Amino acid sequence: MTSVQSGSFWQHSQSYLDDEILIKKLLLSHDPDRRRLNSEMLLSAVESIVFHATASEELVSDKPVNANFKSNISNIELIESPEPLMHTIYKIAHEMLCKSPGKEDLHTRTMASFDLLGSHRWGAKAALALAAFAISYGEFSLLMQLRPHIPLAVSIANFKQIPSNMSMLKPQVKALRSLSKTMVDLTKCIIEFEALPLVHVGPDMEDLAVMKPKIYVTAYWIIRSTLVCSSQIKSLMAMKPEQVHLNNSANFSYFSRYSNITIAAWELLSLDNRLSSIYSHLRPQVDALRRQTEAKMHQKLLSLFKKSHIDNQNVLQMLFALKDDLPLKDCSTQEKLGVSALKSKVVLLLISKADLLPFEQLFFLVNQTYDHPHNDKIEGSYAIIWVPISFYEAWTDAEQKLFDFISNSMPCYLVRQPWSLNSAVVNFMKQEWNYGGEAILVVLDSEGMITNLNALDMVFIWGSKAYPFSLSRENELWDGEQWKMQVITNEIHPILTQWVEEGRNICIYGSENLDWIREFNAKMKDIKDAGMQHEMIYVGKNNPGEHTKEILSIMNREIHSNLLSFTKIQLFWLRLESMRRSKSRLGNNASTDNVVAQVSALLDNNNDNGWAVYGKGLSTDIVRVEGDEIFRCLNLFRQWGENVGRLEFIDALRTVLEPPLVDGPCNHTQVVPYSEGLVQGNMVCQNCKLLMKKFTIYE
């Protein structure tokens, strides 16, 4: 265990201020209620202002600047507050700039600010004070940067009597910039400390006893510094030109060197040194406590998922509700939700990057769950929660904008502020659930136990029929599946599903050779014109691209209107990929499993001359033909076509594709158990490929 040690600053500060008395006074003003501010986002907005305020004038241009997502004040929540966020900030700004009678002393004014911020946590106090300061600092810097370029800025600066030559103020402005950055860095320390889930992991009380007083004193010096900075900016705005040029005079006295400008710069540098000293000790202590807490949190999560629970609430609370009582959002209603809304449900955690899934996969996921015909039977029994995780160490502005856009169009639940997820939880998902950037769908049953570490392929294959999406359910579904047209095309298109159920002959074919496609369709049309009905479905090839789109366009004009759109073709191949992955995860391979063998043959086919799969309805009798073999077969149409009247379409085709295994008379017999409708049916011998004679046996 890494214990938190006292730094030399804290003993040194005793000579300047009795910290013990100060802490008692600060705690008397500290009376937090249920209001909760997203301090991290507010501080990010402040940091954005400070960054642009300290940028050189060379950065000023006519190009529009994209607003930072975090700097948008409308995205920052202040929950259960009697007043809007900006109202609170303006009140603090007024307190900073207006010296009330009896409050001229800096310490008294600082304590008055703490009284005003008494309802907030320590990190929120510092962030709000910095936000109030950032408004005046940003306005001042904006005028200074724009004045050489924009006439309006010149007019406003002249109206406010801001001196045109600010060169003598450089030491003061430079010290102001440095102190602003140090205040932001220190406030991050406080916010990070308060965000640690200490109550959930059994904190070291000795460490807390050392850390908390330091947090109080740090907050005091941050807010005191914002008061000094705000006062100096106010003085700069009100400074007369002759005061600026005082140090330019050739006849200035020795004491003129210590003008108001020099004294002001020294005051800022003194505060910056003090705060930098605090930061140099506090930062490593917060980091050590964070690492210690994350290690405990990881172990607690491991233990939590090994235990049985009466419901899923403890698990979901640990994952999502450490900082926020309403961590979720229902995208369809925009309603904020607590984890209690998921009680007694099977929960599917869709963990991904901020861009979620490629469009076709996202479309298919929705189609296979919320829009699936079977979903009505189990509606309300399960819920999908989107858990976006940044690709980087911290969320980027681009990721947050993308999340904000997608979150308004999703039909499921999601984590409202995924950038606020505890880092230990994110690391747990990466390490224990093997999340590495590719989307996964982790399944928790109604008691919070993990039943499947990735059910995404299950959903793509069977949709909501896969409920409750457990690994045992995946095995169960495959146990009843055989290679047939229904498995190949399941739920890709409702008309295709209907054709399968009606028992129609279906030909699925693929190629990116347009000449081959034209010739193949011409020969199949001749067969259809002869009275042998079948449906043709073009699916291109694995990983369809722009060339497939061009072929579809030409086909729709020249050959036949293809049932499947480009998106549906993408889904066809996505399902096949999912089938192979699912089977492989369960320990099956092409040499031991027919479904894997057939799927792999289609996925890995690089034959430019195309391929075709023939099947009928729910029958397991499937014929796959590739390349020139297809045309050899179709050219012998008259030979095998004669058998169609007596045999099924597929059986007749097989008589040409598969030569007899025996020469001369065949004595093969096969006993088939009785089933409804079989009396009128026919069967082809697997050895000689001829129609078998039928006899009825009575037992």
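Given the structure is predicted, the values throughout are model-derived calculations rather than measurements.
- Remark: the S472 side chain and the S470 side chain contain an N/O donor-acceptor pair separated by less than 3.5 Å.
- A side-chain donor-acceptor contact under 3.5 Å links S582 and E474.
- No donor-acceptor contact under 3.5 angstrom links the side chains of Q482 and T620, judged on distance only.
- Remark: D604 engages R580 in a salt bridge, criterion side-chain N to carboxylate O under 4.0 Å.
- In this structure, the side chains of F403 and Q400 stay at 4.5 Å or more apart for every pair of heavy atoms.
- At least one donor-acceptor pair under 3.5 Å links the side chain of N312 to the backbone N or O of L342.
- A donor-acceptor pair shorter than 3.5 Å can be found between the side chains of H298 and E432.
- For the side chain to side chain contact (heavy atoms under 4.5 Å, CB included) with L349, the qualifying choice from I450, I384, L319, V443 is L319, the only one to do so.
- Screening K583, E577, R575 against M579 for a side chain to side chain contact (heavy atoms under 4.5 Å, CB included) leaves a single residue, R575.
- With values rounded to the nearest 0.5 angstrom, M524 atom CE is found 10.5 Å from E535 atom CD.
- Between the CD1 atom in I310 and the OG atom in S344 there is a gap of 10.0 Å [rounded to 0.5 Å].
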Pair N490-I461, side-chain contact (heavy atoms from CB on, under 4.5 Å): steps then yes or no: CA-CA 8 Å; N490 186 37; I461 299 168; 5.8 Å; no
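- Note that OH of Y467 and OH of Y382 are 10.0 Å apart. Values are rounded to the nearest 0.5 Å.
- Using a 4.0 Å cut-off between charged side-chain N and carboxylate O, E476 and R473 make a salt bridge.
- Residues W573 and V539 come closest through the heavy atom pair NE1-O, 2.7 Å.
- Of all the heavy atoms in V339 and Q313, the pair that sits closest is O-NE2, 3.1 Å.
- Side-chain atoms of S600 do not come within 3.5 Å of backbone N or O of A597 as any donor-acceptor pair.
- Of the possible polar contacts, none joining the K323 side chain to the L421 backbone as a donor-acceptor pair under 3.5 Å is found.
- At least one side-chain heavy atom of V487 sits less than 4.5 Å from a side-chain heavy atom of K484.
- Taking the centre of each ring, Y413 and F320 stay at or above the 6.0 Å mark.
- In this structure, W419 and W395 have perpendicular ring planes: the angle between them is above 60°, well past the 30° mark.
- Under the 3.5 Å distance criterion, the side-chain polar atoms of S578 are matched with a main-chain donor or acceptor of L574.
- Residues Y614 and A612 come closest through the heavy atom pair CE1-CB, 3.8 Å.
- With hydrogens and angles ignored, the 3.5 Å screen pairs a side-chain donor or acceptor of K568 with a backbone N or O of I492.
- Inter-residue side-chain proximity for N542 and L576 is flagged as unmet; no heavy-atom pair is nearer than 4.5 Å.
- Contact detail for V425 and M297: the closest heavy-atom pair is CG2-CE, 4.1 Å.
- Nearest approach of L414 to C331, heavy atoms of both residues: CD2-SG, 3.1 Å.
- A donor-acceptor pair is defined here as one N or O able to donate and one able to accept, closer than 3.5 Å; no such pair exists between the side chain of D325 and the backbone of A321.
- Between the side chain of N521 and the backbone N or O of I517, at least one donor-acceptor pair lies under 3.5 Å.
- For the residue pair W516 and S511, the shortest heavy atom distance occurs at CE3-CB, 3.6 Å.
- Classified by interplanar angle (parallel below 30°, tilted 30° to 60°, perpendicular above 60°), the ring pair F364/F460 is parallel.
- No donor-acceptor pair under 3.5 Å is formed between the side chain of E294 and the backbone N or O of S423.
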